[in-house]
Amino acid sequence: MATLKSCSVCLRESALQLPRHHLSDNYKRRNTEWRCPRAAVIPNFHLPMRSFEVKNRTSVDDIKSIRLITAIKTPYLPDGRFDLEAYDALVNMQIENGAEGVIVGGTTGEGQLMSWDEHIMLIGHTINCYGGSIKVIGNTGSNSTREAIHATEQGFAVGMHAALHINPYYGKTSLEGLVAHLDSVLSMGPTIVYNVPSRTGQDIPPSVVHTLAQSPNFAGIKECVGTDRVQEYTGKKIVVWSGNDDECHDSRWSHGATGVISVTSNLVPGLMRQLMFGGKNPSLNAKIMPLVKWLFQEPNPIGLNTALAQLGVVRPVFRLPYVPLPLAKRVEFVNLVKQIGRENFVGEKDVRVLDDDEFVLVNRY
């Protein structure tokens with residue numbers, strides 16, 4: 001105790017003996033000017049979370065060769081949480097029927113209704129369970145560059161094989177801004193750019209895509225503008241996946257597309273595989289078209305969610321703002337299943353028309 005007291009005395013005395021500087025007004029003015037923090041002027045100060053581990057690493061060429069990618073549905077429990085048992089069954093059905101990749105948390109998977117924690121968890125779950133059997137492409141795009149960078153870092157950190165990136169929506173930017181936004185995430189790993197002007201309100205024009213294609217991590221583009229745009233890219237050796245199920249057959253066999261990123265394959269993955277792998281098949285395409293038209297009569301994923309519920313593959317739970325199709329449309333789906341053949345659809349239960357009161361609409365989750 002005496003030692004502690006003597007130390008405190010010494011400290012006080014030494015403090016008292018510190019010299020006092022009498023600063024002139026000129027000195028004060030010179031040294032109180034604002035100075036830019038170093039972090040603000042250091043280029044690339046942001047340090048990505050990267051790993052050199054190779055467990056799930058995939059080359060860009062591996063992604064470029066995929067022909068059938070399913071934009072997988074996210075099923076829910078009655079309280080609005082993920083139904084991982086139903087999700088696992090859905091992914092297994094895709095693998096068993098020949099899909100080569102899944103988009104996790106895309107528009108179809110309702111990534112727009114997920115927190116980023118949910119989003120990254122589902123990507124991690126998918127890669128952990130199925131990464132050895134199917135390519136896992138995480139939708140980590142955002143209209144905020146900051147969010148897109150952070151989510152993509154996390155997605156690759158949990159092992160996803162590739163990222164899907166959309167252009168900034170709502171708060172649209174210039175063409176230079178499009179390049180800068182997408183260039184910010186391209187360095188992290190294999191990347192598919194997604195062009196869907198009907199949702200974003202802004203086209204990604206070929207001039208931007210040609211610039212992005214110079215990156216070694218650019219795998220290709222999911223293109224929803226039409227077959228002419230597909231032809232323009234494939235003519236210049238840019239990989240394209242059709243983003244429109246109603247155009248995917250012609251895009252693949254008449255315009256050089258590598259394949260499709262499909263909603264319909266959630267329901268009939270075997271038929272969609274035949275469409276992408278078996279050569280020109282206009283009769284099979286015509287057989288599937290009524291189902292495709294039914295699926296997209298309302299904004300995706302309303303039709304798909306309704307269909308999977310009636311097939312008994314997922315619980316009839318909707319996260320708002322999505323609601324099921326009306327009764328007459330639900331009856332139409334049952335008839336379509338009978339026409340195409342129940343054996344071609346996922347699941348093993350009989351298809352049935354669900355009543356209105358069987359659906360659960362969740363507004364807080």
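Bear in mind that the values here come from a model prediction, so they are computed numbers and not experimental data.
Judged purely by distance below 3.5 Å, without hydrogens or angles, the side chains of T126 and Y87 pair a donor atom with an acceptor atom. With 3.5 Å as the limit, one finds no donor-acceptor pair spanning the side chains of T227 and D250. Residues T191 and N217 have side chains that never bring a donor and an acceptor to within less than 3.5 angstrom of each other. In this structure, a donor-acceptor pair under 3.5 Å is present between the side chains of S262 and D245. Side-chain contact annotation: H165 with T152, donor-acceptor N/O pair under 3.5 Å present. Side-chain atoms of S283 and N281 form a donor-acceptor pair, as typed in the model, at a separation below 3.5 Å. Side-chain contact check for Y130 and Q94: no donor-acceptor pair (N or O, by modelled atom type) lies under 3.5 Å.
Taking all atoms of both residues into account, the shortest heavy-atom contact from R319 to L113 is NH1-O, 3.0 Å. Summarising the geometry of D355 relative to E358, their closest heavy-atom pair is N-OE2, 2.9 Å, with the distance given to 0.1 Å. Between D183 and L212 the shortest heavy-atom distance is N-CD2, 4.3 Å. In this structure, V313 and G347 approach most closely via the heavy-atom pair CG2-CA, 3.8 Å. Considering all non-hydrogen atoms of both residues, I123 and T140 come closest at CD1-CG2, 4.0 Å.
Environment of CZ in R342: crowded, with over 12 heavy atoms of neighbouring residues, nucleotides or ligands closer than 6.0 Å.
Residue I127 is grouped with residue M188 when hydrophobic side chains (ILVMFWY) are merged at heavy-atom distances under 4.5 angstrom, including chains of intermediate members.
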Check the pair W116, H150 against side chain to side chain contact (heavy atoms under 4.5 Å, CB included), reporting the backbone distance first and the verdict last. CA-CA 10 Å; W116 279 115; H150 187 60; over 6 Å; no
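Judged purely by atom type and a 3.5 angstrom limit, T234 uses its side chain to pair as donor or acceptor with the backbone of H255.
For the pairing with H249, the side chain to side chain contact (heavy atoms under 4.5 Å, CB included) check across V260, I288, L275 returns one residue only, L275. Checking I221, L178, V193 one by one against V209, the side chain to side chain contact (heavy atoms under 4.5 Å, CB included) holds for a single residue, I221.
With respect to the salt-bridge test (charged N to carboxylate O, under 4.0 angstrom), the residues R352 and D350 do not qualify.
For D246, the side-chain contact (heavy atoms from CB on, under 4.5 Å) partners two or more places apart in sequence, or in a different chain, are N244, M289, V292.
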